[in-house]
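In what follows, a structure is listed as structure tokens, so that the remarks can point back to it.
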Amino acid sequence: MKTLGHWLTSPWRRSIAAALAGALPVLAFPAPSLWWFAYVALVPWIVLVRSAPTGKRAAYDGWFGGLGFMLAMHHWLLPSLHVFTFVIAALLGALWAPWGWLVRRFLAGAPSPGRICGALLVLPSGWLLVELVRSWQGLGGPWGMLGASQWEVEPALRVASVGGVWLISFLVVAVNVAVAVLITVRQSRVPALAALLATAAATSAAWMWSPRPDADGGVRIAVVQPGVIEGVDRRFAREEQLTRQLAGQDVDLVVWGESSVGFDLVDRPDLARRLAALSGETGADILVNVDARRSDKPGIYKSSVLVGAAGLTGDRYDKMRLVPFGEYIPFRSLLGWATSVGKAAGENRRMGSEQVVMDVGHGLKIGPMVCFESAFPDMSRHLAEDGAEVLVAQSSTSSFQHSWAPEQHASLAALRAAETGRPMVHATLTGVSAVYGPEGQRVGSWLGTSASATTVYEVPLATGVTPYVRFGDWVPHAALLILAVWCAGQGVRVLRLRRSAPGPRVPPVRTAHGSPARPGR
């Protein structure tokens, strides 16, 4: 240990160690999917930060750990953004600098049981604040929220129905803090063990008492995945061929992936007629995704468009939250140079203004989302509030086909389904396509990145409202309250210390001869 401590005295070696420790949680996400590792993945990072010699060094450890975490979670962007990936990771990694300072503030040295109890509330709240800030679309959105690593764990999905992915993240960080204390602070093991028991109790309570969705029949939804095909005309022809195979299979809806149609259907009535004919053959409406310049307004939009046997139904959803650099460049006048070092958007796409619930016939209402909008818990929650019975995400990760991105993206649908109590269909161009039931359980099998096929899924429907849909993002609000109370307590403590401090000593009055004056003389 002394040798390791001496090795870490170098600021650069310590920064490298922090970055490596911060990268460890990525192993809990797809494709490795070591979900259990999430409960100890932060421990090396926490142990390193608590040993920092100063608060400033702890903040640097937090920053470099955040850089490692963001780079590991988004490593698949390297072929597209090249060096700019490191710039983004460094900027977003700075969000963890205050969290690093907090870790040292609570856990450095030999913390008392009181400090440990505070750490078990404040440190998870600080982590949630970071996730809340980086969830803003302009900063890249909530990809890689720690709680999302638990997408296939049934008890965790029950927790998500109560407090969303936020509550899972809070509990996972609390467990990591408790484990770090058990390893490093012997005299404070009692509160750490109490925290682990409290986490187990909270999960058990969610499992037993949170309301479950009420089964309400089911529908047959077909996903069309053409695979990797160059050229919009060839891709459309393959999608048409696959859809025609659904004739006579009694489906209620056919879903194509993101950018499945490369032309505005008003400008291309021939394509609209071909889609209407397919709808007539299959007996179901077809939800396509148009990625093209619109004929009725300026600019390029990504839009979910519903087509029936009579043609365009008029139902259309324009994507609201665009991918930074992939679909638009923020502050293009300043950052436009990104197009010269990677595959950044050559022209900004336009944003939609509101979410839409579509009636696709057969009494079925769906809530469409496009691409990484499925990462935003609030979007699926609002669709459920507005009456959507099935959530649908149209996606394409073809640029990252041989990375962990397709599996990571597909896994998010399980969380959105569990949070809302509504099944979710994740349909892609090139995989991974997947469907999840109203409790986040997998329905059928995934369509992997090598598949060019269509699959019909028996999707169970449900009624009822989950606590998360009813109460919204109460967990991050509670985390903010915890941080505010702690900050207020620190402010009061500082004021008390200043008031109790002795006043400045007044030097004795001296006579002209330099001797101290004597009272009474």
Side-chain angles (χ1 to χ4, degrees), residues 22 25-26 28-29 38 42 62-63 65-67 69-74 77 85 88-99 123-151 156 159-160 162-173 319-328 330 351-352 355 369-385 391 393 395 405 408-409 411-420 424 468-469 471-484:
V26 74
F29 294 81
L42 298 181
W63 185 354
L67 183 153
F69 179 75
M70 295 305 295
L71 193 60
M73 283 303 307
H74 298 85
L77 288 174
T85 308
I88 295 173
L91 292 174
L92 294 178
L95 294 172
W96 275 272
W99 186 76
L123 296 185
S125 297
W127 184 280
L128 248 62
L129 179 59
V130 174
E131 291 197 339
L132 184 63
V133 172
R134 74 181 185 89
S135 291
W136 179 51
Q137 173 212 334
L139 293 179
W143 191 283
M145 294 176 70
L146 193 58
S149 64
Q150 305 303 294
W151 65 277
V159 169
V162 176
V165 68
W166 309 103
L167 184 54
I168 306 177
S169 287
F170 187 97
L171 295 176
V172 169
V173 176
K319 186 178 183 181
M320 295 172 59
R321 296 180 180 173
L322 304 178
V323 180
F325 298 98
E327 295 172 335
Y328 79 103
M351 297 182 185
Q355 291 186 265
M369 292 173 283
V370 183
C371 192
F372 94 137
E373 288 182 331
S374 66
F376 292 85
D378 64 307
M379 296 196 73
S380 53
R381 178 167 60 85
H382 291 319
L383 287 170
E385 287 178 322
L391 304 173
S395 177
Q408 286 183 18
H409 200 178
S411 71
L412 296 175
L415 288 158
R416 304 292 85 85
E419 288 168 343
T420 60
M424 184 159 183
Y468 177 66
V469 170
F471 300 111
D473 294 328
W474 64 270
V475 174
H477 294 158
L480 291 174
L481 179 61
I482 290 171
L483 291 171

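Numbering of residues begins at 1 and proceeds along the displayed sequence.
- For F29, the ring-ring contact (aromatic ring centres under 6.0 Å, His included) test picks out no residue, with sequence neighbours left out.
- Side-chain contact between F372 and L412: absent, with no pair of heavy atoms (C-beta onward) separated by less than 4.5 Å.
- Taking W151 as the reference, W446 meet the ring-ring contact (aromatic ring centres under 6.0 Å, His included) condition, with sequence neighbours excluded.
- By the side-chain contact (heavy atoms from CB on, under 4.5 Å) test, W63 is found to be paired with Y60, A94, A97, residues two or more places apart in sequence or in another chain being considered.
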Which donor-acceptor pairs under 3.5 Å do the side chains of residues 135-147 make with protein atoms, sequence neighbours left out?
from	atom 1	to	atom 2	distance (Å)
S135	OG	E131	O	2.5
Q137	NE2	L322	O	3.3
W143	NE1	Q408	OE1	2.7

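- When the salt bridge (charged side-chain N to carboxylate O under 4.0 Å, His left out) test is applied to R381, the partners found at least two apart in sequence or on another chain are E385, D473.
- No side-chain N or O of H74 forms a donor-acceptor pair with one of T85 less than 3.5 Å apart.
- Applying the side chain to side chain contact (heavy atoms under 4.5 Å, CB included) test between M320 and each of M351, E373, M369 identifies E373 as the sole match.
- M424 has its side chain out of reach of S380: every pair of non-hydrogen atoms, C-beta onward, lies at least 4.5 Å apart.
- Side chain of W99 to backbone of L123: a donor-acceptor contact under 3.5 angstrom is found.
- The closest side-chain heavy-atom distance from W96 to W127 is below 4.5 Å.
- Of all heavy-atom pairs spanning Y468 and G163, the tightest one is CD1-C, 3.7 Å.
- Annotation: side-chain contact (heavy atoms from CB on, under 4.5 Å) contacts of V26 (sequence neighbours excluded): A72, M73, W404.
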